[in-house]
A.B. asks: 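Can you read through this structure? Questions will come right after.
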Protein chains: 4
Amino acid sequence: MPESTRTAPDLAGAAPGLFDMATPRGRLLRIAARLFGEKGFAGTTVRDIAAGLGIQSGSLFHHFRSKEDILFAVMEMVVEAINRDLAEAVAAAPDTAGRVRALIAVELHYLHGPASDATSVLFHEWRALPKARRSVLMNGRAAYFDLWQTVLAEARAAGLTPIEPEILRQLLHGALAWTSFWYRPGGALTPEALVERALALALKDEGRAS
Amino acid sequence: MPESTRTAPDLAGAAPGLFDMATPRGRLLRIAARLFGEKGFAGTTVRDIAAGLGIQSGSLFHHFRSKEDILFAVMEMVVEAINRDLAEAVAAAPDTAGRVRALIAVELHYLHGPASDATSVLFHEWRALPKARRSVLMNGRAAYFDLWQTVLAEARAAGLTPIEPEILRQLLHGALAWTSFWYRPGGALTPEALVERALALALKDEGRAS
Amino acid sequence: MPESTRTAPDLAGAAPGLFDMATPRGRLLRIAARLFGEKGFAGTTVRDIAAGLGIQSGSLFHHFRSKEDILFAVMEMVVEAINRDLAEAVAAAPDTAGRVRALIAVELHYLHGPASDATSVLFHEWRALPKARRSVLMNGRAAYFDLWQTVLAEARAAGLTPIEPEILRQLLHGALAWTSFWYRPGGALTPEALVERALALALKDEGRAS
Amino acid sequence: MPESTRTAPDLAGAAPGLFDMATPRGRLLRIAARLFGEKGFAGTTVRDIAAGLGIQSGSLFHHFRSKEDILFAVMEMVVEAINRDLAEAVAAAPDTAGRVRALIAVELHYLHGPASDATSVLFHEWRALPKARRSVLMNGRAAYFDLWQTVLAEARAAGLTPIEPEILRQLLHGALAWTSFWYRPGGALTPEALVERALALALKDEGRAS
DNA sequence: AATGAATGAGGGTTCATTCAT
DNA sequence: CATGAATGAACCCTCATTCAT
């Protein structure tokens, strides 16, 4: 188990309000994120979303011009929030390994904390977007990818991994993104422990598992 | 780069005929796998598949009772083939690290070799199946998961990784499955090199990257 | 010919609005009943029904979840209405023979009056319903069958017929239901006269034909 | 109960081979009649019929040019057979009441004896035929209707019924045809007893029920 | 903003029928 | 005669979207 000084940033408090539940728009996005996450974008109908809000399906279109716009808005919110949190967490970390752990912790926190629905959607439903909008999103994620790559390059320079930063980033991203299919917090494996396992995967001699 | 003696099993020749192109059924599955891989199951219409075969959409239903049956058949074929190849490759490997490499190599071969379409579908479209059929598939994959877990337990016992076998299996599965979104053979990174990177991720002191 | 004092209840005015023509739903049911009666349930397409309403076929499904639901709704309305009218007519009849005549008159009125389309459908298209729904309908008709049987038992006790009530009920029901294939009001045989013929069939020494 | 001297013609032996089971065509018609009777013409597919014969659906069309032709052939066979039997039975009857009983007995025998499937189809599926073919069939039934009408006119002249022959014929036809929906031989009510009940319906002072 | 009836294109599927083998 | 793959039209139904109220 990680010692307290190496503990990942607290997972509970972050992204407490990815969506503003005080506004109809925020509530709509929250419901949509949940449904897209559960049943997929294609498997979710606008009627499902409307029913979740207690309104008629036609009324959705006063808030968004299309179902796809809803998906895009969900993704955009995650992109912005994750960018912000990631930068903060990395800045606060004391050393290279801490920065890698921070990246992993933030990503897992998004995948399994209060923003899990929306983050799942961002990670697993991007193929539902037309190419044009995908690239808009990719632009938004550029800073995020840069940050990962910078930190991983630093780690490699420090001899913590033999793998090229870009490849390692992709492999880790897959490993983390996939956790949304098998990991659920609340079981025997705590989120913090999962962070350590992923860190052990990323870096040699880090993250002792058990 | 891996030395020739440690080279992964040749990736080019395996699974040359996942589908029997001599039969209408085999051709249908091949086209369907490609389309499901490109546009997703929901995004592919039976008319798309029929057009790919040069027949009318109604004619599909002489070969399969439903679109879902086609998806299931595609997945089943991959499951069977991958089970077979995996067992063979592991049996032929000389030592623990070799067995882990064999697992990775076979999985990546399926993801990026001649069966890449079908394998992508298996890995990424399982949510399109009703729960009942998902579990049928999971039964078919039990041997596959067992094999992974056995080998990874062996690796951990040998001190090659600190991560619990089940967790490591899931993390690696995600890392590998995700490659279908970013990796394409034929570029600077050869399939064999990718195997070594994944191996370096899995095991300490293995798979020197560069 | 029946004397005026024995005349069956007036056939023209009853059930003026089996379907509420003020609502889209009521208009839909009316058209559907007519088409099902003319071409059978299987021979009627949802496009036929929609065309009869001047809307698109997809719009039907805002009112009913399936074509079968439309059929069921048509039948249900007849069952309820006929139950009500039958009970009223029997209650108003002065004696046993009058009660039998009331039963026949109401049944024929439904078969050839304003509700003729829907009643034909109820009598002749029940095989188009799945068994489960058939029995729901049968439950709804229990009161109706009971009434017939009670009155016919009374008639037999009075020596008006030698036939067991249940058998007589079935035979009469067939005789009356079948009239929808050969009888049309407006010809030489008035509805009232037809009632007397059916009564003569049911009871000895009643309903002098000519 | 009828005395033995008034017993209806034996029901067991007639129409033993409405269809010639020695020929493929005969077997096909037998299967088709059964399926049309059970599930209706519209509810029966040519594949159902073919499956019943153990052949492929395409092969049906070597015997009949269309599904409708099969229906028509089934009906034609019944019409011919029933015409023949009816004429014979009426000729053999000693008196007016005996002739009415013969008509009823033959009709019920067709509806519930070995030819029950085909007869049900003739009586209940005529709406599945296009008008043109319906009238061909009606021509074939003219002799049959004439016979009924002649006998019923005789009965009326003898004071056995007050109802006009044509109307009585239609009412009785309905009563008898409808038995295929509720009566099954083998129960408490024997076919012979059912004949007597129908006779009691048709004629005053005949057919004592119990 | 919300309604709810309507749209209209498209979806998966069925099925009688054809025809080369 | 039988096959079985294919046809092609039609079927019931879904669903994102529109719009008058």
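These values consider heavy atoms only, across backbone and side chains, with no hydrogens, waters or symmetry-generated copies. Below, read A as the first sequence line, B as the second, and so on, with proteins coming before strands; counting in each chain starts at 1.
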A.B. asks: Quick one: A:E68 CD to F:dC15 P, roughly how many Å, whole number?
C.D. replies: 18 Å
A.B. asks: What nucleotide, of E:dT13, F:dC12, E:dC15, holds the atom closest to the side chain of B:F61?
C.D. replies: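 Minimum distance to the B:F61 side chain belongs to E:dT13.
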A.B. asks: Going by atom types alone, do C:D48 and C:T45 pair a side-chain donor with an acceptor below 3.5 Å?
C.D. replies: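 Looking only at side-chain atoms, C:T45 and C:D48 do form a donor-acceptor pair, the distance falling under 3.5 Å.
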A.B. asks: Under 4.0 Å between a side-chain N/O of A:S59 and OP1 or OP2 of E:dT3, yes or no?
C.D. replies: yes
A.B. asks: From the list F:dA5, F:dT3, F:dT17, which nucleotide is the closest neighbour of the side chain of D:I55?
C.D. replies: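 Nearest listed nucleotide: F:dT3.
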A.B. asks: Find the distance D:L53:CG to F:dT3:P and express it as a whole number of Å.
C.D. replies: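 Taking atom P of F:dT3 as the reference, CG of D:L53 is at 10 Å.
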A.B. asks: Could you tell me how far apart D:R25 (CZ) and F:dA2 (P) are, to the nearest whole angstrom?
C.D. replies: 14 Å
A.B. asks: Tell me whether the guanidinium CZ or amine NZ of B:K67 lies under 6.0 angstrom from the six-membered ring centre of B:F36 and within 45° of its axis.
C.D. replies: no
A.B. asks: Does the side chain of D:L122 come within less than 4.5 Å of D:R141's, by heavy atoms?
C.D. replies: yes
A.B. asks: Hunt down the Watson-Crick or G-U wobble partner of E:dA20, both distances under 3.5 Å, from any strand shown, or write none.
C.D. replies: F:dT3
A.B. asks: In whole angstroms, how far is the P atom of F:dA16 from the CZ atom of A:R47?
C.D. replies: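 One finds 8 Å between P of F:dA16 and CZ of A:R47, rounded.
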A.B. asks: Quick one: A:F64 CZ to E:dA1 C1', roughly how many Å, whole number?
C.D. replies: 14 Å
A.B. asks: May I ask you to evaluate whether C:Q56 reaches the phosphate of E:dG8, defined as a side-chain N or O under 4.0 Å from OP1 or OP2?
C.D. replies: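 Yes, because at least one side-chain N or O of C:Q56 sits under 4.0 Å from OP1 or OP2 of E:dG8.
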A.B. asks: Got a second to check how far A:F123's CZ is from A:T119's OG1, nearest 0.5 Å?
C.D. replies: 6.5 Å
A.B. asks: Measure from CG on B:L60 to C1' on E:dT13 and round the result to the nearest Å.
C.D. replies: 11 Å
A.B. asks: Select base, sugar-phosphate, or nothing to describe what B:S57 touches, counting heavy atoms under 4.0 Å on all strands.
C.D. replies: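 B:S57: base contact, heavy atoms under 4.0 Å.
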A.B. asks: What is the pairing partner of E:dA1, taking Watson-Crick or G-U wobble pairs with both distances under 3.5 Å in any strand?
C.D. replies: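 With both distances under 3.5 Å required, E:dA1 matches none.
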A.B. asks: In whole angstrom, what separates C:L71's CG from F:dC12's C1'?
C.D. replies: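 About 15 Å, once rounded to whole Å.
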A.B. asks: Looking at every strand, decide which applies to C:T44 at a 4.0 Å heavy-atom threshold: base, sugar-phosphate, or nothing.
C.D. replies: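 Sugar-phosphate, no base atom in range.
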A.B. asks: I need the CG-P distance between A:D69 and F:dT18, as an integer number of Å.
C.D. replies: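 About 11 Å, once rounded to whole Å.
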A.B. asks: Let me spell it out: for each of C:R65 and D:H63, pick the nucleotide of DNA chain F with the closest heavy atom. Which residue's pick is nearer the 5' end?
C.D. replies: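 First, find each residue's nearest nucleotide; the 5'-ward one identifies D:H63.
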A.B. asks: Is there a side-chain contact between D:R25 and D:F64 (heavy atoms, below 4.5 Å)?
C.D. replies: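 The answer is yes, as the side chains (C-beta and beyond) meet within the 4.5 Å cut-off.
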A.B. asks: Using the side-chain heavy atoms of C:K67, tell me which of these nucleotides is nearest: F:dC12, E:dG12, E:dA16.
C.D. replies: F:dC12
A.B. asks: Checking base pairs now: Watson-Crick or wobble, both atom distances under 3.5 Å. What partners E:dT14?
C.D. replies: F:dA9
A.B. asks: Nearest to the side chain of D:H62, heavy atoms from C-beta on, is which of F:dC1, F:dG8, F:dC13?
C.D. replies: F:dC1
